[in-house]
Amino acid sequence: MNVQAHEALKAKIWEIANRLRGPYRPPQYRLVMLPMVVLRRLDCVLAPTKEAVLERYQTLQAQQMPEAAMDKLLGKAADPSRKHPLYNTSPYSFERLLGDSENIAPNLVAYINGFSPIARAIFERFKFADQIEKLDASNRLFTLVKAMAEVDLHPRRIDNLQMGYLFEHLVMRFNEQANEEAGDHFTPREVIRLMANLIYTGEEDVYKPGVYRTIYDPTCATGGMLSVSEELILSQNQRALLALYGQEYNDEAWAICCADLLIKDEDTANIVLGDTLGDGKTGDGFEGERFHYMMANPPFGVEWKDQKQIVEREHQNRGFSGRFGAGLPAINDGSLLFLQHMIAKMHPFADGDEERPGSKIAIVFNGSPLFSGDAGSGPSNIRRWIIENDWLDAIIALPDQLFYNTGIFTYVWLVTNRKPPERQGRVQLIDGTRFFRKMKKSLNNKRNEITEAQIAHLTRVYGHHQDGETAPAEIQFQSNDQTEPRVISRIFENREFGYLKITVERPLRMNFEASPARIAALDDQTAFANLASSKKRKDQARIDDEIEAGQQQQAAIRKMLTTLESKGHYKDRALFEADLTRAAKAADLKLPAPIKKAIFAALGKRDPDAEICRDSKGRPEPDSELRDTENIPLPPGTALPLPMDFGPDKPNDRLVEAFRETIDAYMASEVLPHVPDAWVDYDKTKVGYEIPINRHFYVYKPPRPLDEIEGDISRLEAEIAELLKGLSLTTSE
């Protein structure tokens with residue numbers, strides 16, 4: 001690709017776009033320029049056979065040829081080598097449109113309507129007809145068409161790859177102008193190339209001549225991941241048979257993706273318009289289908305409220321037979337839903353079985369899916385499901401400031417159900433955060449980029465699969481940049497990401513006293529206060545009667561409690577309860593359980609020196625304020641998957657049975673020496689998974705010695721004194 005010519009082309013189109021200023025603000029340029037660039041490209045592609053198509057069209061019309069047959073015949077007239085018809089039956093082209101400036105708007109509409117059905121659908125999704133009317137009303141249409149007619153986008157000059165780069169640039173610039181949300185960012189081409197290199201590493205079958213493989217992106221946007229995957233495979237295996245599939249909910253992005261595929265003579269029917277997760281009107285466009293390779297950059301940090309009803313229904317009704325059986329993430333970030341969706345589309349795997357080839361996934365996330373959610377929560381359960389099934393292959397941490405509209409750190413997850421033997425039961429973590437170079441010119445939040453050499457290096461690190469592999473890294477040390485080796489690859493057993501979350505209870509100890517201050521606190525207890533209220537709504541007399549009766553009951557309880565004041569300070573709740581029961585009986589009062597509980601809460605204070613409060617069976621009652629949790633790493637030799645019947649509404653007996661010794665040993669060594677009265681509530685034991693990738697690559701740097709810092713300060717003070725001295729001499733002169 002001629003870089004200089006490509007830069008000139010981008011500058012030319014952006015200069016044309018700036019002519020829209022006035023009727024359009026810069027964020028709105030894309031409404032006109034994206035369809036106009038596609039239209040000009042198609043115009044150039046069809047120019048050589050334009051007359052032949054028109055003649056053939058007139059002949060077929062005279063023969064009253066059926067529309068379906070006419071579509072195929074006209075497609076062959078336009079280009080006999082094409083599989084998917086692309087033609088235009090109108091007499092217009094950009095050149096002929098300029099010959100009738102007075103009628104350019106209706107003529108342009110007629111020109112677009114003359115395209116083959118697939119191309120017409122693309123312009124309908126662009127909603128370009130609305131812009132034609134606006135451009136004509138603002139007297140911009142003719143000048144725009146004239147300017148675009150001077151841009152040569154013929155395939156002889158601009159090949160399909162370069163055209164893809166042009167689309168990428170325009171979408172990026174327009175997104176930048178519109179200040180899109182971080183979750184709607186455009187994926188930089190070098191990130192896609194890295195993902196493609198990673199996902200096809202070790203995939204020997206994909207490079208066999210004549211092999212058939214499907215590639216799928218559930219959030220395909222303008223189709224960058226599909227195009228780069230195809231480009232990479234065909235560059236090494238021209239005889240590979242590839243089928244590209246994608247789904248996109250944005251009309252504009254879908255139109256660009258389909259235009260790119262149509263120009264390259266690929267099947268646009270495999271690009272579905274709609275919401276992949278399901279919004280009630282659209283849903284999974286490939287339900288029940290499976291794919292060999294899947295890549296995605298789903299919107300992260302974006303709420304999935306619009307899909308909530310559909311997703312929750314599928315989760316509850318279909319479980320693991322649907323897409324979301326493992327769990328649901330927090331409502332403010334639905335990225336893990338897309339990974340579950342992709343896993344549901346993996347081919348089953350059986351070694352050596354062509355009918356069960358397995359699948360491989362590459363997906364970009366922010367940091368949230370690594371650690372968000374406590375043990376037993378949706379995100380933790382999703383991680384557990386993936387790791388315990390041995391599907392998580394590797395995670396590569398990328399630099400920050402890599403994307404156009406967000407500066408956060410991102411991570412590429414590689415997931416597969418056909419790990420080679422050396423990777424089974426293990427996960428590779430790669431620190432790629434230092435693999436970048438600063439851009440000469442920032443593009444919004446994008447200030448860093450990954451070079452081809454760095455892509456190749458990270459790909460080799462993944463392919464080597466070595467624990468402790470290092471690479472030189474530039475480290476800011478004191479005032480100088482120094483290079484030192486840093487570990488960039490770590491290998492872990494699957495169980496090392498899991499842990500048991502146990503609930504540790506301490507006994508409730510309280511003292512009790514019927515003092516005036518504590519009796520007054522009884523009014524703050526809900527059950528006691530509700531005695532002087534009424535559930536009646538209409539009969540005011542009955543309401544007043546109930547309230548009065550309740551107030552009398554409250555007064556009687558207060559009076560009864562004052563008889564216990566002389567008993568003084570109780571250190572044992574059992575003794576206090578016995579005296580309370582006798583006093584209530586003497587006062588002819590009945591104390592329901594809620595009222596008795598309110599009295600204990602008001603008249604009691606926590607006291608570490610008091611006796612333990614016990615239930616009716618003599619068991620210690622837990623103190624909710626002293627309740628704590630402990631995370632216990634899964635011990636070596638843990639066999640995965642663990643018993644899955646756990647959670648708030650399921651028994652966890654098998655889980656506790658499997659780890660009772662581990663839990664008790666941890667309590668004996670780590671907890672009981674400090675709090676001997678503690679115990680474990682085994683019913684609350686849960687399994688959690690998190691992937692603290694940054695912790696595993698953190699390198700501690702001790703602070704500089706104080707004498708060195710003091711020496712630097714002294715030198716700086718001396719320099720400042722000299723500068724001030726020179727300044728004073730200049731002033732005196």
Side-chain angles (χ1 to χ4, degrees), residues 315-316 319-320 325-330 371-389 493-510 573-574 593 597 600-601 604 606-608 610-692:
H315 169 69
Q316 294 166 4
F320 285 103
L328 302 180
F371 52 78
S372 65
D374 200 2
S377 69
S380 179
N381 287 348
I382 295 169
R383 288 190 294 270
R384 176 185 178 184
W385 176 62
I386 294 170
I387 294 172
E388 290 193 2
N389 279 289
E493 295 179 27
N494 288 344
R495 59 97 189 163
E496 293 184 78
F497 299 110
Y499 61 92
L500 298 170
K501 181 180 179 181
I502 63 171
T503 299
V504 179
E505 301 285 9
R506 298 277 304 282
L508 178 65
R509 298 173 185 268
M510 301 185 75
R573 190 179 70 179
K597 186 177 179 181
F600 287 159
R606 281 176 170 79
D607 184 348
E611 293 296 322
I612 294 174
C613 298
R614 299 180 182 275
D615 62 18
S616 58
K617 295 183 179 180
R619 296 172 302 192
E621 290 186 12
D623 186 342
S624 60
E625 292 188 4
L626 296 179
R627 181 175 294 138
D628 200 1
T629 59
E630 297 281 341
N631 292 341
I632 306 175
L634 297 182
T638 299
L640 301 178
L642 300 177
M644 298 292 277
D645 48 349
F646 72 99
D649 57 345
K650 299 177 183 178
N652 64 351
D653 298 347
R654 293 198 301 140
L655 182 69
V656 172
E657 181 182 353
F659 290 102
R660 182 66 180 256
E661 291 184 6
T662 300
I663 296 171
D664 290 347
Y666 181 89
M667 287 290 294
S669 63
E670 302 294 335
V671 178
L672 295 179
H674 308 287
V675 281
D677 58 0
W679 73 93
V680 175
D681 186 345
Y682 293 100
D683 291 339
K684 296 179 181 177
T685 301
K686 297 178 182 179
V687 175
Y689 275 81
E690 63 179 15
I691 308 168

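The first residue in the sequence is number 1, and the count goes up from there.
- Heavy atoms of other residues, nucleotides or ligands lying less than 6.0 angstrom from CD of Gln316 number more than 12.
- In this structure the side chain of Arg495 never reaches within 4.5 angstrom of the side chain of Ile387, judged on heavy atoms.
- Atom CG of Leu508 sits about 12.5 Å away from atom CD of Glu611, to the nearest 0.5 Å.
- The main-chain N or O of Ala610 is found under 3.5 Å from a side-chain atom of Arg509 such that the two form a donor-acceptor pair.
- Asp677 places a side-chain heavy atom less than 4.5 Å from the side chain of Val675.
- In this structure, Ile386 CD1 and Asn494 CG are separated by 11.5 Å, a value rounded to the nearest 0.5 Å.
- A distance-only check finds no donor-acceptor pair linking the side chain of Asn631 to the backbone of Lys501 [under 3.5 Å].
- No donor-acceptor pair closer than 3.5 Å links the side chain of Arg606 to the backbone N or O of Met510.
- Side chain of Asn652 to main chain of Leu655: no donor-acceptor pair is present (N/O by atom type, distance under 3.5 Å, no hydrogens or angles).
- For the atom pair OG1 of Thr662 and CE of Met667, the computed distance is 13.5 Å after rounding to the nearest 0.5 Å.
- For the pair Trp679 and Arg506, the minimum side-chain heavy-atom distance is 4.5 Å or more.
- Looking only at distances, no side-chain donor or acceptor of Arg384 sits under 3.5 Å from a matching main-chain atom of Gly498.
- Nearest heavy atoms, Lys617 versus Asp615: N-OD1, 2.9 Å.
- Counting all heavy atoms, side chain and backbone alike, Asp623 lies closest to Pro507 at CB-O, 3.8 Å.
- Across all their heavy atoms, Gly325 and His315 have their closest contact at O-CE1, 3.8 Å.
- One finds the CG atom of Leu634 at 7.0 Å from the CG atom of Leu640 (value rounded to the nearest 0.5 Å).
- The cationic atom of Arg660 (NZ for Lys, CZ for Arg) lies less than 6.0 Å from the six-membered ring centre of Tyr682 and within 45° of the ring axis.
- Here the closest non-hydrogen pair linking Gly373 and Ser380 is O-CB, 4.2 Å.
- Residues Pro329 and Ile382 are in side-chain contact: their nearest non-hydrogen atoms beyond the backbone lie under 4.5 Å apart.
- Put simply, the side chain of Arg383 gets close to the backbone of Ser372: a donor and an acceptor are under 3.5 Å apart.
- With a 4.5 Å cut-off on side-chain heavy atoms, Pro633 and Glu496 do not count as touching.
- With a 4.5 Å cut-off on side-chain heavy atoms, Leu500 and Val687 count as touching.
- Contact check for Thr629 versus Val504: no side-chain heavy atoms found under the 4.5 Å cut-off.
- Here the options are Thr685, Leu642, Asp664, the test is side-chain contact (heavy atoms from CB on, under 4.5 Å), and the partner is Phe659; only Leu642 passes.
- Smallest separation of non-hydrogen atoms from Ala326 and Phe320: N-CE2, 3.6 Å.
- Heavy-atom minimum distance, Glu505 versus Lys684: OE2-NZ, 3.6 Å.
- Between Tyr689 and Tyr499 the shortest side-chain heavy-atom distance does not fall below 4.5 Å.
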